[in-house]
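The structure appears right after this line, and notes come after that.
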Amino acid sequence: MTPVRIRTVGFVGTGIMGAPICEHLLDAGYRLYVNNRTREKAERLVERGAIWCDTPADAAREADVTFTMVGYPTDVEDVYLGKNGILSAARKGSWMVDLTTSSPELARELHDAAEVMDKHAVDCPVTGGQSGAEAGTLTLMLGCDEMSAAPLADVLATFSSKVYHFGRAGQGQVAKLCNQVSFASCIVGYADALALAKQSGLDADQVIDMICDGMGGSVAMERLAPKSAEGDFRPGFFAEFLRKDLALALRDAEERDLTLPGAECAFNLYDVLCQIGGSRLGGQALTLLYEDEATGVAAGLDWSLLEPDAADPHDVAHAGHAHGHECGCGHDHGHDHECGCGHHHEEA
Ligand code: NAP
């Protein structure tokens, strides 16, 4: 089949990351069809010339490539395989590119299902955050090789500055989970450092500057620790998404008989933060767990919501939740449900 020349783009999920990516696609002159669960978040794009579609399928029908940038693996499943899903609506020979941080296993399933239908589905999670999306400098992690992705090169270049090819379906997602595991431990590291500094009467800004000059620093510390220190907990990325990513990573690691102690520790802390009302705060709000209760309450947390036992990450990622609480998928569940990793779980 002749490779598709990309002129028309569908986009599902115009949230914090998706909307600025769409702006770059419009700037580059692509004809853009957009869909989002909440229509208002696409209004600005429609004012700029994007075409609103009532369903993901409508966004994909005319498109040479359809991007998806939704929240959870369960959202990805809905958007691809649901009643108005893109997998059956997309044209033969066209591409579906999932930018969501999602399950590697689901990425492989979607890839295989698409190939059978003479379509292409590839995982392509991103890193660089809201600022990278706005600047068009995201780093992309493709679950395919460079030659197969060649038709996508120009359209991907409109919102990225670096593209890594990880060879085969699902491997882009695994690479992204590696990033998240490292990122989360960096946040825990700076949260520990700030707590010790504060308790010892050191000036937080001075300590941050000093650490960033040396081996203890990280990009997470450089960009997020000043926000934590100032009490700015607005989200560039939601705490609940980092919790989801850690659950996905722990599940993947468990399948490989691998223990990730840093990720387990970070997962437990993010799980507590989400349980007490911090799901939609920025990931830098982890430092609130080290503060006195009044500071947490002022930021919107409620410690009385904490379950007696913190969730076991393997329960969340693999075996189900022992208690009916907010899990990675953002809904309140009983004992038998779909969790953040996008698979159905029975009670452990
Ligand atoms: P977000 O602001 O919540 O955006 C997700 C969007 O997807 C929302 O607008 C949501 O609609 C929409 N959506 C969800 N399910 C849908 C469905 N079934 N049909 C149509 N639209 C649907 O989140 P985000 O920060 O952009 O993150 C998106 C993904 O990228 C997540 O997987 C996250 O982990 C990952 N990520 C985020 C960052 C970051 O810094 N923010 C960086 C890298 C990767 P509503 O408007 O109704 O909620």
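Atoms within a ligand are numbered from 1 in the order they appear, just like the ligands themselves.
- If you look at Phe67 and Phe159, their ring centroids are closer than 6.0 Å.
- Every atom of ligand 1 is numbered from 1 in the order shown, and the set under 4.0 Å from a heavy atom of Lys244 is 31 (C), 32 (O), 33 (C), 34 (O).
- Below 30°, between 30° and 60°, or above 60°: for Phe241 and Phe238 the angle between ring planes is above 60°, a perpendicular geometry.
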request  = Please step through ring-ring contact (aromatic ring centres under 6.0 Å, His included) for the pair Phe237 and Phe183, ending with a clear verdict.
outcome  = CA-CA 12 Å; Phe237 65 98; Phe183 175 49; 5.3 Å; yes

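- Here Lys176 has side-chain heavy atoms under 4.0 Å from ligand 1, and that is the only part of it that gets that close.
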Using a 3.5 Å cut-off and no angle test, enumerate the donor-acceptor pairs between side-chain atoms of residues 41-51 and protein atoms at least two apart in sequence or in another chain.
{"from": "Glu43", "atom 1": "OE2", "to": "Arg39", "atom 2": "NE", "distance (Å)": "3.4"}
{"from": "Arg44", "atom 1": "NE", "to": "Glu23", "atom 2": "OE2", "distance (Å)": "2.7"}
{"from": "Arg44", "atom 1": "NH2", "to": "Glu23", "atom 2": "OE1", "distance (Å)": "3.4"}
{"from": "Arg44", "atom 1": "NH2", "to": "Glu23", "atom 2": "OE2", "distance (Å)": "3.1"}
{"from": "Arg48", "atom 1": "NH1", "to": "Glu23", "atom 2": "OE1", "distance (Å)": "2.6"}
{"from": "Arg48", "atom 1": "NH1", "to": "Asp27", "atom 2": "OD1", "distance (Å)": "3.1"}
{"from": "Arg48", "atom 1": "NH2", "to": "Asp27", "atom 2": "OD1", "distance (Å)": "2.7"}

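- Counting the atoms of ligand 1 from 1 in the order shown, those under 4.0 Å from a heavy atom of Val126 are 43 (C), 44 (C).
- With hydrogens and angles ignored, the 3.5 Å screen pairs no side-chain donor or acceptor of Lys198 with any backbone N or O of Asp203.
- The number of heavy atoms from other shown groups lying within 6.0 Å of OH (Tyr164) does not exceed 12.
- Polar contact check, Gly236 against ligand 1: a nitrogen or oxygen pair lies under 3.5 Å apart.
- In terms of modelled atom types and a separation under 3.5 Å, the side chain of Lys83 and the main chain of Asp78 share no donor-acceptor contact.
- Residue contact annotation: Thr127 has no non-hydrogen atom under 4.0 Å from ligand 1.
- The closest protein non-hydrogen atom to atom 36 (N) of ligand 1 is Thr101 OG1, 4.1 Å.
- A salt bridge links Arg91 with Asp64; the closest basic N to acidic carboxylate O contact falls under 4.0 Å.
- The shortest contact between atom 5 (C) of ligand 1 and any protein heavy atom is with Met69 O, 3.7 Å.
- Although no hydrogens or angles enter the test, the distance criterion places a donor-acceptor pair under 3.5 Å between the side chain of Asn35 and the main chain of Asp54.
- The side-chain tip of Arg243 does not point at the ring of Tyr270 from less than 6.0 angstrom away and within 45° of straight on.
- Within 6.0 Å of CZ in Arg61 there are more than 12 heavy atoms belonging to other residues, nucleotides or ligands.
- Nearest to atom 23 (O) of ligand 1 among the protein's heavy atoms is Phe241 CE1, 3.2 Å.
- Residue Val12 approaches ligand 1 through these ligand atoms, each under 4.0 Å from one of its heavy atoms: 20 (C).
- Among protein heavy atoms, the minimum distance from atom 21 (N) of ligand 1 is reached at Arg37 N, 3.0 Å.
- Geometrically, ligand 1 and Lys41 share a nitrogen or oxygen pair separated by less than 3.5 Å.
- Heavy atoms of Met17 found under 4.0 angstrom from ligand 1 belong to the backbone as well as the side chain.
- In this view, Met117 and Leu87, Ser88, Lys119 satisfy the side chain to side chain contact (heavy atoms under 4.5 Å, CB included) rule, not counting sequence neighbours.
- Interface atoms of ligand 1 facing Asn35, defined by a heavy-atom separation under 4.0 Å, are 20 (C).
- In terms of protein heavy atoms, atom 17 (C) of ligand 1 is closest to Val79 CG2, 3.6 Å.
- If you look at Ile16 next to ligand 1, the close heavy atoms, those under 4.0 Å, come from the backbone and the side chain alike.
- Scanning all protein heavy atoms for the shortest distance to atom 3 (O) of ligand 1 gives Phe238 CE1, 3.7 Å.
- Close contacts of ligand 1 with Gly129, meaning ligand atoms under 4.0 Å from a residue heavy atom, involve 40 (O).
- With hydrogens left out, the protein atom closest to atom 28 (C) of ligand 1 is Val70 O, 3.2 Å, a heavy atom.
- With respect to atom 47 (O) of ligand 1, the closest heavy atom belonging to the protein is Thr38 OG1, 2.4 Å.
- Within the set Thr74, Thr100, Asn36, the minimum heavy-atom distance to atom 10 (C) of ligand 1 is found for Asn36.
- Contacts between Gln130 and ligand 1, counted as non-hydrogen atom pairs separated by less than 4.0 Å, involve the backbone only.
- Residue-to-ligand polar distances keep Pro56 apart from ligand 1: every N/O pair is separated by 3.5 Å or more.
- Under a cut-off of 6.0 angstrom, the local environment of CD in Glu146 is sparse, with at most 12 non-hydrogen atoms contributed by other residues, nucleotides or ligands.
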